[in-house]
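To find a chain, count down the sequence lines: A is the first, B the second, and so on, and within it residues start at 1.
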Amino acid sequence: MTRFYLTTAIDYANGEPHAGHAFEKVGADVIARYRRALGDDVHFVIGMDEHGQGIAEEAERRGTETQAFVDELAELWAGVWRRLEISNDDFIRTTEKRHRHAVEAIVEGMKASGDLYVDSYAGYYCVRCERFRKEEELVDGRCPYHPKREITWTEEENWFFRLSRYRDPLLSHLEEHPEFVQPASRRNEILRLLEGGLDDISASRSRLPWGIPFPGADDHTVYVWIDALTNYLSATGYPDEGYARWWPATLHIIGKDITRFHCVIWPAMLMSAGVELPGTVWAHGFVSVSGGKISKDAGSELDLDELIDRHGTDAFRYFLVREAPWDGDRDFASASELLDRFDQRYNAELANDLGNLVSRTAAMVHKYRQGSIRVGAETPLDEARASFAASYHERMQDYLLHEGLKEIFGLVRRANVYVDEVRPWELAKEGEAAAERLDAALGSLVRCLRGVAAMLGPFMPSKAAEIWLRMGGGEGLPTHSDASVPPAGASGEGAKPTTPLEVRRGPSLFPRYEPEA
RNA sequence: GGCAGGGUAGCUCAGCCUGGUAGAGCAAGGGACUCAUAAGCCCUGGGUCGCGGGUUCAAAUCCCGCCCCUGCCA
């Protein structure tokens, strides 16, 4: 069985999740579910980044004890992920004991390689970025990304990580493993960054109580990025026996804003500590409204809960992945454009194309065959199904989720055309003379929808399970081997079930949305 | 300022590598049908392919310059 350890960036425990956070989690969840459906041994981890000066300050501002503050937020975030049906196997928090254990181990490992040294540092520190900024980077004396906050001049004695030493090893790693940073545009950015040379970075902060004590120097805490990045390793049980059950990670999903941490600092830390490197870091883009975050600021209907409520969890998951390319950005001109687009896709693609196809197929099987269809001959629709499925798997294996989804709907569209081509209602009137042709047509439609259910499972788990159930598939989600759509190269055993399939009817899967005029 | 990507129908985008009478989906208009969620299917309208120049029998596609947008780095 193929081992597949998948992570997303852990979220900074400050504030509430918005649609942008949801995009990352849903995309990663699609990959996790897709790999499980293929039969991979998947371990999917998400979590919270709970250390750092910014968090301690926020807790103080609210008059809460810091641990209680992050506990509350962790519960809030985890609740949102449950609502979005994110199927993570673990939820790592950087305030957990297991994490501290791993951070201590990796710092010791780096120290043992001679890559940590003490030096004094003076510079501007942005609490929101949790990093030092050079004076020339400042805009009006403030962090360019957090202009509302005062930036503080900090002078202290710190531990440093000899990052500069890893420029050449990182370059050759990228040379030998072009898949290490994806998509390719991000890889090129990292290559250029490396070519420009690396400075050492600080590995500790002094006088900051909210963090992990630096091993061997209790008056220091581990620099938050070194702390945070290690979560991927701590979730495997590192450094204890058995952590290699999951490590090295197959795929880290992150936002494009934190590539340097994941594609430079993280692998350098691992090299230093003598730990294997992850397979791929995938930097996705952002979903935004006129360039800004999709938060309440952009309009109250854009609140994450409201968006999910609008057409349900599955429809929201569908919309996010369909609308925003997984390897790029999607900017909506305004809140209303986003909502119009959402409603439009919901009605056109989910209600009209897919929902109606399920409905008309089940209705015909009942009307003409009393709800039970036996295997008929292959039809042109079976050929289309195989061809769309092959493209689907290709796209999914390249993590082009939006394109995979497009293939599924290409098949749905083809099936709707097919119904009009064979006109089952006319075959039904011909009686015995056309019985075989009618069996074949209805049979291939049911097989087609079983395939659609399998392919759709990663994106819309509940609706896909419902389609599978109605098309005689039983409870639960189909895997790609027991559905009618085998992965490329496999044989399609389930494509032609030998016993008749009992097709069920039901209420509309996606009732058309008619806004109050 | 350096590097990278992009500017094609009202909207979102494909085509550009490997030049040859502009494509898809959505939205709009019309038609035939009836299994279906007044859904589906078929047809139609609509674009000086950012601007200017060059190469060529022929350029959205190749070359040069400029403008605008986005990202990364300064």
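Taking every side-chain heavy atom of A:R360 into account, B:G40 is the closest of B:C73, B:A39, B:G40. Taking every side-chain heavy atom of A:K256 into account, B:G71 is the closest of B:G71, B:U37, B:C35. Distances were taken from every side-chain heavy atom of A:R260 (C-beta onward) to each of B:A36, B:C73, B:C42; the shortest belongs to B:C73. Here B:U12 is the nucleotide among B:C35, B:C3, B:U12 with the atom lying nearest to any side-chain atom of A:R330. Considering only side-chain atoms of A:L193, the nucleotide from B:C73, B:A39, B:A27 that sits closest is B:C73. Relative to the side chain of A:K429, the nucleotides B:A39, B:U34, B:G71 differ in distance, and B:U34 lies closest. Side-chain proximity of A:W425 to B:G40, B:C73, B:C33: nearest is B:C33. Relative to the side chain of A:R413, the nucleotides B:A36, B:C26, B:C42 differ in distance, and B:C26 lies closest. Checking B:C42, B:G71, B:G40 against every side-chain atom of A:N416, the shortest atom distance belongs to B:G40.
A salt bridge does not link A:K25 to A:E85: none of the charged side-chain nitrogens sits closer than 4.0 Å to a carboxylate oxygen. Ionic pairing of A:R369 and A:D439 is present here: one or more N-O contacts between side-chain nitrogen and carboxylate oxygen are shorter than 4.0 angstrom. Ion pairing between a basic and an acidic side chain is recognised when a charged N comes within 4.0 Å of a carboxylate O; A:R83 and A:D309 show such pairing.
For A:R330 and A:F332, the positive end sits near the middle of the six-membered ring, less than 6.0 Å away and at most 45° from its axis.
Note: CD (A:E189) to C1' (B:G6) measures 14 Å, nearest angstrom. A:E195 places its CD atom 11 Å from the P atom of B:A4, with the value rounded to the nearest Å. For A:I373 and B:C35, the CD1 to P distance is 17 Å, given to the nearest whole Å. Distance NZ (A:K406) to P (B:C26): 13 Å, rounded to an integer number of Å. Look at CZ on A:R341: it is 10 Å from P on B:A27, rounded to the nearest Å. A straight line from CZ of A:F342 to P of B:C11 spans 23 Å, rounded to a whole angstrom. If you measure from atom CD of A:E426 to atom C1' of B:C35, you get 11 Å, rounded to the nearest angstrom. Note: CG (A:L381) to P (B:C41) measures 13 Å, nearest angstrom.
Straight-line distance between the P atoms of B:C26 and B:C66: roughly 41 Å, to the nearest whole Å. B:A58 and B:U12 are spaced 31 Å apart, taking the C1' atom of each and rounding to whole Å. For the C1' atoms, the distance linking B:A27 with B:C11 amounts to 8 Å, nearest Å. To the nearest whole angstrom, the two C1' atoms, one in B:G46 and one in B:C69, are 26 Å apart. Atom C1' of B:G50 sits at a distance of 16 Å from the matching atom of B:G5, rounded to the whole Å. If you take atom C1' in B:G47 and the same atom in B:A14, they sit 15 Å apart, rounded to whole Å. Spacing of C1' atoms, B:U8 relative to B:U48, comes out at 12 Å, to the nearest Å. B:C13 and B:C43 have their P atoms separated by 26 Å, given to the nearest Å.
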Discussion item. Using the rule given for salt bridge (charged side-chain N to carboxylate O under 4.0 Å, His left out), can you reason through A:R167 versus A:E195, listing the C-alpha separation, both sets of side-chain angles and the distance that settles it, and then say yes or no?
Written reply: CA-CA 8 Å; A:R167 188 195 100 123; A:E195 283 157 7; over 6 Å; no

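Under the 6.0 Å cut-off for aromatic ring centres, A:W282 and A:F180 do not qualify, their centroids lying 6.0 Å or more apart.
Nucleic acid contact for A:D353: sugar-phosphate only, since backbone atoms but no base atoms lie under 4.0 Å from a heavy atom of the residue. In this structure, A:A351 reaches the bases: a heavy-atom distance under 4.0 Å links it to at least one base atom across the strands shown. Using a 4.0 Å heavy-atom cutoff across all strands shown, A:F409 reaches no nucleic acid atom at all. Counting any heavy atom pair closer than 4.0 Å across all strands shown, A:I190 reaches no nucleic acid atom.
Of the residues near RNA chain B, A:E337 and A:K367, the one whose nearest nucleotide (by heavy atom distance) lies more toward the 5' end is A:E337. Two residues, A:S508 and A:R423, neighbour RNA chain B, and the one matched to the more 5' nucleotide by heavy-atom proximity is A:R423.
Between the A:T250 side chain and the A:T280 main chain, no donor and acceptor come within less than 3.5 Å of each other.
Not a single donor-acceptor contact under 3.5 angstrom links the side-chain atoms of A:N352 to the base of B:G40.
Judged purely by distance below 3.5 Å, without hydrogens or angles, the side chains of A:Y232 and A:H262 pair a donor atom with an acceptor atom. Side chains of A:E349 and A:Y318: a donor on one and an acceptor on the other come within 3.5 Å.
Atom-to-atom distance recorded for A:N347:CG and A:F342:CZ is 11.0 Å, nearest 0.5 angstrom.
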Worksheet item: Can you give the dot-bracket line for RNA chain B, where a pair is Watson-Crick or G-U wobble with both atom distances under 3.5 Å, crossing pairs use [ ], and | marks a partner on another strand?
Response: ((((((((.[[[[.)....(..]]]].((((.........)))).....[[[[[..)....]]]]]))))))).

